[in-house]
Trainee: 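I have a structure here, written as structure tokens, and I will follow up with some questions on it.
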Amino acid sequence: MKKIDSDKALRLVIYAVLTLVCLTIIYPFWNLIVISLNTGTDTARGGIMMWPREFTWENYKLVFKDTRLVTAAKISVLKTVIGTGAQILFTSIFAYGVSRRELKFKNFYMKYALLTMYVSGGLIPSYILIRTLHLINTFWVYVVPAMFSAWNMVIFKSFFENLPEGLLESAKIDGAGEYMTFFKIVVPISGPVFASLILFTAVDQWNGWFEGAIYITNQKLIPLQTLLKQIISANTAGQLMDQVSGTAAEKLAEETLTSKSLSTAAMFVTTIPIIMVYPFLQKYFVGGMMVGSIKE
Amino acid sequence: MKSIEKGKDSIKERKKFCLGNKSKTQLSLQSMVVPGVIYMFIFSYIPLFGIIIAFKDYDIVTGILNSPWVGFKYFKEFLTSPNFGMVMRNTLLISTLKLVVGFPFPIIFALMLNEIKCMGARKAFQTITYLPHFMSWVVISGMVMSLLSIDGGQVNEALMKLGVIKEPVNWISTPKYFLPILIGTGIWKEFGFCAIIYIAAISGVNPELYEACSIDGASRLKQMLVVTLPAIIPQIAITLIMKLASILNAGFSDILLLTNEGQNTIMRNVSDVIETYVYRMGLKSQRYSYATAVGLFKSVVSITMLVLSNKLSAKLTDTTLW
């Protein structure tokens, strides 16, 4: 009897702790929504905790009218779609190639690819390369340098290696070539691994801000995250400056008043696609992670 | 007779066909792999070769090959500069704290989640805790800065209402609060997602073990400690060793974004790590050779750590990286 009581108490405590933890995760997002639905001047007065005080859609209207944000959103969508498509296609074909026992020099190819996971030239040599290739200030700087991922390749490869051998053999007997086998047989039955790697790659592309910050100076080519970063830094500049005189800080605060509400709305809009996609792919990426953690 | 001849012929034909097929297969397979090999040569191996600018006085006009050699000049400069101590201290402090403080959270979370038998609640807890992993550091740093802001930030408001503080605190530009904010945000973002491998390991535990334990009169808490926890010890060991290998990776995006790219010099004393220093020296001040030397210094130490951890891992857990 006592045991059952203590078990019940334990379960109660765990439920309470986990609920509290989830609330700490949800609250910042909730706060984002609340501020984005409140008028900027009212938000600046402070004291907003759980609910908008002066409700307005104005911030969202501004977001969708702001040409900078709309242009950046287009770039984000394009880079996510093209960048993810190119990387998954290129990486999975390579992985299928090295997953086949018939491939000559297979060992060399694998070592050659794995080495790139552990050593890299680092920031500056990569930057010099991108400049030498004239990719600076072009859209392709988001796509081309990210076209191959050795990590994803390893995950694809170990998945392909575990496919039933007979399936590939029967395709061969029917006269299908390697490309045909890959696209018609392998891809359709590899749904889970494609789903999880497309998700991870797309999230990386969507969330990436650094390339836009270092390789792009043309404001028309920066993605949403880079633009958001610029807006947020402008907002917090006042607080982070080494020494700001009172009046200068006040003036800065006034100027950024609307842009603060605007950036909150933009931050939420940027997050919506992710919130809408990942819960549905959860069962796949749990499996995908496991394939990846198994040593190839 | 004729039919036998014919049969022989067709076997020959078939063999020929197969042979042709084999080289065709090989050609197709090679055509799948070779473009990737060329790609990696350009985007991974050429930058590797570019490291030589750490030993040269590189500038844009003369190019990599024509720049004069300077030997270890830039390494000496880094090792003797006052920044060296600061950057190394911050790097080691931040990554050690991230490792030590952050490590238990996913494990505790996985253990707790295992006690939730209602599948709906379980799924909800998982979905919510995975969310921050998929968010960009830009948005998260924006949220953190908004919550902690000195004018109307919710943290200041709440603490003032509770009477903990009398006037708003400027959390994000006070050096002593930087580490707790950085590490707390990092844990908040990743503990749920990092728990995945532990949750998977726990799901592989034989249910009979729990039953046997239960018959012996062990409470759930006891079962958690004597059945579940030991079951994930191998995962814990592997994760710990892998993290040791990357002890010099203190972070980059998180630090850069939470400090507004280190514009504040006072904050830089506690936040500048090797990678942000390389970024600032290389791309902001355009000291390409110096920054590359600093980066190379980090890589050499990292690779040494990686090899050592791999040896340790092979000895303790029979798992190796390569």
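Here is how names work: the chains are called A, B, and so on, in the same order as the sequence lines, proteins then strands, and each is numbered from 1. Every value quoted in this text rests on a predicted model; they were computed, and no experiment measured them. Worth knowing before you read on, the calculation uses all heavy atoms, side chains too, and leaves out hydrogens, waters and symmetry mates.
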Trainee: Enter the distance from B:H133:NE2 to A:F200:CZ here, rounded to the nearest 0.5 Å.
Mentor: 5.5 Å
Trainee: Contact part of B:V144 toward chain A, heavy-atom cut-off under 4.5 Å: side chain, backbone, both or neither?
Mentor: neither
Trainee: Under a 4.5 Å cutoff for heavy-atom pairs, which residue among B:G282, B:G295, B:G142 has the most contacts with chain A?
Mentor: B:G142
Trainee: At a 4.5 Å cut-off on heavy atoms, which part of B:E261 comes close to chain A: side chain, backbone, both, or neither?
Mentor: side chain
Trainee: Does any heavy atom of chain B fall under 4.5 Å from the side chain of A:V98, the backbone, both, or neither of them?
Mentor: both
Trainee: For chain B, find which of A:F268, A:F29, A:Y27 contributes the most heavy-atom pairs closer than 4.5 angstrom.
Mentor: A:F29
Trainee: Relative to chain B, which of A:T270, A:T24, A:T264 shows the most heavy atom pairs under 4.5 Å?
Mentor: A:T24
Trainee: B:N156 side chain to B:V169 main-chain N or O, any donor-acceptor pair under 3.5 Å?
Mentor: yes
Trainee: Atom OG in B:S271, atom CZ in B:F178: separation rounded to 0.5 Å?
Mentor: 4.5 Å
Trainee: Crowded around A:M180 CE? As in, over 12 foreign heavy atoms under 6.0 Å?
Mentor: no
Trainee: Is the backbone of B:M135 close enough, under 3.5 Å, to the side chain of B:K189 for a donor and an acceptor to pair up by distance?
Mentor: yes
Trainee: Quick check on A:T91 against chain B: is it the side chain, the backbone, both or neither that has a heavy atom closer than 4.5 Å?
Mentor: neither
Trainee: What part of B:L256 gets within 4.5 angstrom of chain A, counting heavy atoms only: side chain, backbone, both, or neither?
Mentor: side chain
Trainee: Among B:I116, B:T292, B:V278, who wins on heavy-atom pairs under 4.5 Å with chain A?
Mentor: B:I116
Trainee: Please rank A:A150, A:A266, A:P28, A:G177 by heavy-atom pairs under 4.5 Å with chain B and give me the top one.
Mentor: A:P28
Trainee: Please classify the contact of A:F94 with chain B as side chain, backbone, both or neither, using a heavy-atom distance under 4.5 Å.
Mentor: both
Trainee: Of all heavy-atom pairs between A:G208 and A:Q225, which one has the smallest distance, and what is that distance?
Mentor: O-CB, 3.6 Å
Trainee: Is it the backbone or the side chain of B:L257 that comes under 4.5 Å from a heavy atom of chain A, or both, or neither?
Mentor: side chain
Trainee: First locate atom CG of A:L129, then atom CG of B:L48, and finally report the distance between them rounded to the nearest 0.5 Å.
Mentor: 12.0 Å
Trainee: Under a 4.5 Å cutoff for heavy-atom pairs, which residue among A:V144, A:I130, A:T226 has the most contacts with chain B?
Mentor: A:V144
Trainee: Would you say A:E102 and B:T25 are linked by a side-chain donor-acceptor pair, where the criterion is simply a distance under 3.5 Å?
Mentor: no
Trainee: Given that the side chain runs from C-beta out, which part of B:F252 has a heavy atom under 4.5 Å from chain A: side chain, backbone, both or neither?
Mentor: side chain
Trainee: Kindly compute the distance separating CZ (A:F183) from OG (A:S92), expressed to the nearest 0.5 Å.
Mentor: 7.0 Å
Trainee: What part of A:M117 is in contact with chain B, defined as an atom under 4.5 angstrom from a non-hydrogen atom: side chain, backbone, both or neither?
Mentor: neither
Trainee: Mind ranking A:D204, A:T132, A:I274 by heavy-atom pairs under 4.5 Å with chain B and telling me who comes out on top?
Mentor: A:I274
Trainee: Against chain A, label B:I46 side chain, backbone, both or neither, depending on which of its atoms sit under 4.5 Å from a heavy atom there.
Mentor: side chain
Trainee: So for A:A146, is it side chain, backbone, both, or neither that comes closer than 4.5 Å to the heavy atoms of chain B?
Mentor: backbone
Trainee: Below 4.5 Å from any heavy atom of chain A, which atoms of B:A121 appear? Answer side chain, backbone, both or neither.
Mentor: side chain
Trainee: Please determine, among B:F134, B:F43, B:F191, the option with the most heavy-atom pairs under 4.5 Å with chain A.
Mentor: B:F134
Trainee: If you count heavy-atom pairs under 4.5 Å between each of B:I128, B:V34, B:I64 and chain A, which one has the most?
Mentor: B:I128
Trainee: Taking side chain as everything from C-beta outward and backbone as N, CA, C, O, which of these in A:Y112 sits under 4.5 Å from a heavy atom of chain B? Side chain, backbone, both or neither.
Mentor: both
Trainee: Under 4.5 Å from any heavy atom of chain B, what part of A:S126 do you find: side chain, backbone, both or neither?
Mentor: both
Trainee: Are there over 12 heavy-atom neighbours, none belonging to A:K106, within less than 6.0 Å of that residue's NZ?
Mentor: yes
Trainee: Whether the A:Y96 and A:R100 side chains hold a donor-acceptor pair (N or O, under 3.5 Å, no angle test) is what I'd like checked.
Mentor: yes
Trainee: What are the two closest non-hydrogen atoms of B:Q154 and B:S146, and how far apart are they?
Mentor: OE1-O, 3.9 Å
Trainee: Name all pairs fulfilling the side chain to side chain donor-acceptor pair (under 3.5 Å) condition that reach into residues 29-48 of chain B, sequence neighbours left out, sorted by first residue then second.
Mentor: A:Y109-B:Q30, A:Y179-B:S31, B:Q26-B:Q30
Trainee: Checking B:M224 against chain A: side chain, backbone, both or neither under 4.5 Å from a heavy atom?
Mentor: side chain
Trainee: Within a reach of under 6.0 Å around NZ of B:K117, are more than 12 heavy atoms found that belong to other residues, nucleotides or ligands?
Mentor: yes
Trainee: Between A:A213 and chain B, with a heavy-atom cut-off of 4.5 Å, which part of the residue counts as in contact: side chain, backbone, both or neither?
Mentor: neither
Trainee: Sort B:I199 into side chain, backbone, both or neither according to what part of it lies under 4.5 angstrom from a heavy atom of chain A.
Mentor: neither
Trainee: Report which part of A:I128 has an atom under 4.5 Å of a heavy atom belonging to chain B: side chain, backbone, both, or neither.
Mentor: side chain
Trainee: By a 4.5 Å heavy-atom criterion (distance strictly below it), what part of B:Y130 contacts chain A: side chain, backbone, both, or neither?
Mentor: both
Trainee: What option among B:G50, B:P47, B:G36 has the most heavy-atom pairs under 4.5 Å with chain A?
Mentor: B:P47
Trainee: Checking heavy atoms, do the side chain of B:L283, its backbone, both or neither come under 4.5 Å from chain A?
Mentor: both
Trainee: What part of A:V13 lies closer than 4.5 angstrom to a heavy atom of chain B: side chain, backbone, both or neither?
Mentor: neither
Trainee: Have B:T127 and A:Q282 got a donor and an acceptor in their side chains that come within less than 3.5 Å?
Mentor: yes
Trainee: Is the distance between the ring centroids of B:F193 and A:Y278 under 6.0 Å?
Mentor: no
Trainee: Can you tell which part of A:I25 gets under 4.5 Å to a heavy atom of chain B, answering side chain, backbone, both or neither?
Mentor: both
Trainee: Which atoms of A:V17 are under 4.5 Å from chain B, going by heavy atoms: the side chain, the backbone, both sets, or neither?
Mentor: side chain
Trainee: Let me know if B:L221 has heavy atoms under 4.5 Å from chain A in its side chain, its backbone, both or neither.
Mentor: both
Trainee: Using a 4.5 angstrom heavy-atom cutoff, name the option from A:S120, A:G175, A:G121 with the most pairs to chain B.
Mentor: A:G121
Trainee: Can you tell me which portion of A:I93 sits under 4.5 Å from chain B's heavy atoms? Options are side chain, backbone, both or neither.
Mentor: both
Trainee: Considering only heavy atoms, which portion of B:K222 lies under 4.5 Å from any heavy atom of chain A: side chain, backbone, both, or neither?
Mentor: neither
Trainee: Does any backbone or side-chain atom of A:L18 lie under 4.5 Å from a heavy atom of chain B? Answer side chain, backbone, both or neither.
Mentor: both
Trainee: Who wins among B:A54, B:G63, B:S253 for the most heavy-atom pairs under 4.5 Å with chain A?
Mentor: B:S253
